[in-house]
Amino acid sequence: MAKLGNVVAIGGEINVGIHSRVQKLIAFLNLGSDNVRFVGIWGMSGIGKTTIARAVFDRISAHFECSIFLHEVREDSRRYGPKNLQEKILSEIYCIKDLRITNVFEGSNMMKRRLCYKKVLIVLDDIDHLEQLEALAGKRDWFGAGSRVIITTKDKHLLVAHKFDKMYKVEMLKEDEAIQLFSWYAFKKNSPAKDYEELSTQIVHYAGCLPLALEVLGRYLYGRDVSEWRSAVEKLETIPDKEIIEKLKLSFNGLEEHEKKIFLDIACFFKGKKKDYITRVLDSFDFHPVIGIKILTEKSLLTISEGRILMHPLIQEMGWHIVRQEAPEKPGKQSRLWIEKDICHVLARDEVTENIEGLWLNLSTPKDVVIKNESFEKMNKLRLLKIHYACVSRGPNCIPDEIRWLNWHGYPSKFLPDSFEAEKLVCLKLKYSRIIQLWKGIKLLDKLKFINLCHSRKLIRTPDFTRIPNLVRLILEDCSSLTEIHPSVGHLKSLQLLNLRNCRNLRGLPKQIFLERLEVMILSGCSKVDEFPEILGTMNCVIEVYMEATSIKELHPSVFEHLPSLVLLNLSYCKNLTSLPNSICRLKCIQALILSGCSKLDKLPEELGQIESLQELYGNETAISEPPSSLVLLKNLKILSFGGCKGMASQTQSLSSWMLREKCHDSRGLVIPSVSGLTSLVDLDLSDCNLLDGGIPCDLGSLSSLKELNLGGNNFTSISAANIKSLSRLKTLELVGCERLEILPELPPGIRYVYADNCTSLQCEPDQILKNKSLRGVSFTNCFQLLENQQTSCTTDTLELLLLKIIEYNSRICLPGRNIPAWFSYQNSGPSIKIELPSNWYNDNFMGFAVCVVFDFMTKFSAYYRFDLRKHPGLVIRLTGRDREFAFGFVPIYIGTENKIHSDHTCLAFVRLAVSNPNDVTSMEFHLETSVTAKALGIHLVYRKEADKNLIPRITGY
């Protein structure tokens, strides 16, 4: 075996990427062991299983007394039977001509008797049935010590069923390997010829890096000119290569009938979608998808990645080809339609037939589509219908009785057809429809499990659900005209999800409910709902209830007695809610209680601490002035938020702003009980709680798990160092808007981010700002008294000192200032700068780039989520090399406020460069992409010897 660079020549064939795969397989074989080992190679058709097996065979066969490579076992077994293959093995090993075996049983016994004393290597190529394995390599005791049996197969389950020692899945070639392999066949060298590079890449992408396709297409295109190549590429987009398809089709031909249907449905409709969704749809067709998808995966026709079902492009192309061949020139006679052009053609010309089982029109943007009224009458086998973004003037006259899954986005009619009697229907999904009412009266739909009419804003009422006993999900979100729900919904025994979010005109719910299997109830935004239904019995399955922004005034104590498994309760912005019943404290499973924005809620149950399971408590923006003392017992609590609970505030709210400020200072803020027992607490928000000096809990430092602490917007002048320094796991401290705060407390050694924006009284020496080596971001916007004797800006010396610490700690800082120090080698006005780098600018002493940005803000930031308070203006760095360009992002500024900045500010940051062959980079462009208005940008190359000697101002270039 001769090695040619990265290409291995075996038996006159060109094989790319073989070496690493062979090495791995040889490791699986464990040739040093005297045990008999069975090793399987599996993967999709054409991926190179036989090539790898042949390479391994050639490499190791000399280590065995006898060896045989049996090609195409599947085909030979089909033609001549396994007895013939047994004769081949024995004849080859014992050099006996015309050896004859009466039957397979005799052959198995003969193999066992004759081979059990020999150390043999047997390769069985392309096994597709367990019977073949049992006839040719039934058990390990058939073979002598140290023997090895290798098989190749497309079906992983064969290896599992026969208890193989190791199973090696052949992975697809990498793109560079695929281009190299294709080039050997198309150009007889390891890279594309000039002017063919882009075309070669297109073909490799079409082939999906599959070796079989690369070989077939490479041989076909060898010796052809560029115009012929372009023509071939265009042809492949509409007409697949027959040789490739026929070889791939062998896997399909071996499937059972229902497996073929699953495969074709996935190829035409569902590739790339979530497995759970596909399983639900296929189950509605009685295709038994759980085992079917597993078998297709084992046979290498499907793969599952991150919960989605995937398929190689050429395998999908093979599926399409099979469907098209049902009626090549007449798509209306095919079983499945998924191409927009074909669907619009047959619907507009009424060329549909009863052959159509599935129609999937999934437009990316709205488009007018003509549908003949009679079209659906002919499709009496239609089981799947999806229409998305098709602008249709009116709905169909009828919907076929065989329909199982009906998904019509923007359904155009006010009602379903009068003839609608789809007793087999499992899913009815009519999002954004013009439906007023689905149907009148009662319909028997005992197979119907899913109804989704969300955003159907003309829907007025729901139907009677009495004869839809198996409904699992009812989604009526944003049906803003819905005024009433039929009482029968309260007794759907199979219902698991009830979603009525933003049904703003819904006047009420059924008076009584008993939903045995309900798991999630969503009433958020039902602003006219002021009463929760009476629960008639224990609903053990309910885990989440959402009632945000409803008009609920109170909850009857029995509600929580009937919801023993409740995990999450969201009552945020129920502005009429005044209290919670004590029965909530007897819940054993609840983990999250969300009361944010309940402005009339002024107290929590005294026994709150009994809820041992509670992990998250949100009481921000409520009227709570003093949480119960039992709060300290919540040992599993991880998040506690009372932000915006101002306590017993002053009554003189109408006075002028200066008087208001003085009164607020004298008013009583939120009174926090002991927190020493909150040993699991990770996030504590006490912002805007009108806390004065001494108002912070004295045992705050005992919170050993705390990582985020928000004390912003309060009125204290100082914070006890003991309280903060003892928080050993604290990573983020927010003090934004503490206008009376004069000095920062001593920080814990592990702190990473400090946000002290708008702390207008804060004073701090430069060497104290970055005292902690763990700090990664510090923001002091609008802190104009921050630096002693520097009311409006930083001096060059101050910036130098800060920059040295920033480089040492790899951190960044933002503070008032308007000048870029003169010693920054590259400076420019505006948000970007481009620098031409000197040759050999990169050496062992290079540390990175110092960045200085002068900016202000003209507008407020966009809205932010609670857990993403910080603003991250981003710096995009584009690198230009001798033969390449690329870019990466960096965040130079961390800011803790969304208020306007009152003057210029300076940000200092340090960027480390991680790029291969850095001296190939000849220029760099830095561009600040953000809502920040950047006035100037400075860049400086930093080298270790200058930084170590504090000589940054004297550095000149490199």
- Message: Is the terminal nitrogen or CZ of Arg54 (NZ for Lys, CZ for Arg) located under 6.0 angstrom from the six-membered ring centre of Phe69 and within 45° of that ring's axis?
- Response: yes
- Task: Give a yes/no verdict on a cation-pi contact between Lys188 and Tyr222, requiring under 6.0 Å between NZ or CZ and the six-membered ring centre and an angle within 45° of the axis.
- Result: yes
- Task: On the 0 to 90° scale, with breaks at 30° and 60°, tag the Tyr277-Trp405 ring pair as parallel, tilted or perpendicular.
- Result: perpendicular
- Item | Flag for Ser191-Ser183: side-chain donor and acceptor within less than 3.5 Å | no
- Message: Could you go through Gln180 and Asp176, starting from their C-alpha distance and side-chain angles, then the distance that decides it, and tell me whether this counts as side chain to side chain donor-acceptor pair (under 3.5 Å)?
- Response: CA-CA 6 Å; Gln180 189 179 12; Asp176 59 334; over 6 Å; no
- Message: Surrounding CD of Gln325 (heavy atoms of other residues, nucleotides or ligands, distance under 6.0 Å), is the total greater than 12?
- Response: yes
- Task: State which residue, out of Arg383, Arg404, Lys273, fulfils the salt bridge (Lys or Arg N to Asp or Glu O under 4.0 Å) condition with Asp265.
- Result: Arg383
- Task: Take Asp125 and Thr152, measure what side chain to side chain donor-acceptor pair (under 3.5 Å) needs, and give me the verdict at the end.
- Result: CA-CA 5 Å; Asp125 178 44; Thr152 71; 2.6 Å; yes
- Do any N or O atoms from the side chain of Thr297 and from the backbone of Ile293 form a donor-acceptor pair under 3.5 angstrom? yes
- Could you walk me through whether Phe849 and Phe926 pass the ring pair (Phe, Tyr, Trp, His ring centres under 6.0 Å) test, one step at a time? CA-CA 11 Å; Phe849 298 93; Phe926 297 76; 5.7 Å; yes
- State whether the number of non-hydrogen atoms from other residues, nucleotides or ligands found under 6.0 Å of Lys260 atom NZ is greater than 12. yes
- Query: Does the gap between the ring centers of Trp320 and Phe252 come in under 6.0 Å?
  - Reply: no
- Item | Listed once per pair and sorted, the salt bridge (Lys or Arg N to Asp or Glu O under 4.0 Å) pairs that draw on residues 293-304, sequence neighbours left out | Asp155-Lys299
- Given Tyr168 and Arg21, is the side-chain contact (heavy atoms from CB on, under 4.5 Å) satisfied, shown in steps? CA-CA 9 Å; Tyr168 175 63; Arg21 293 163 172 84; 3.2 Å; yes
- Exam field: side chain Lys49 to backbone Met44, donor-acceptor pair closer than 3.5 Å: yes
- Parallel, tilted or perpendicular: which fits the ring planes of His288 and His258, with parallel below 30° and perpendicular above 60°? perpendicular
- Message: Centre-to-centre under 6.0 Å for Trp338 and Phe269, is that the case here?
- Response: no
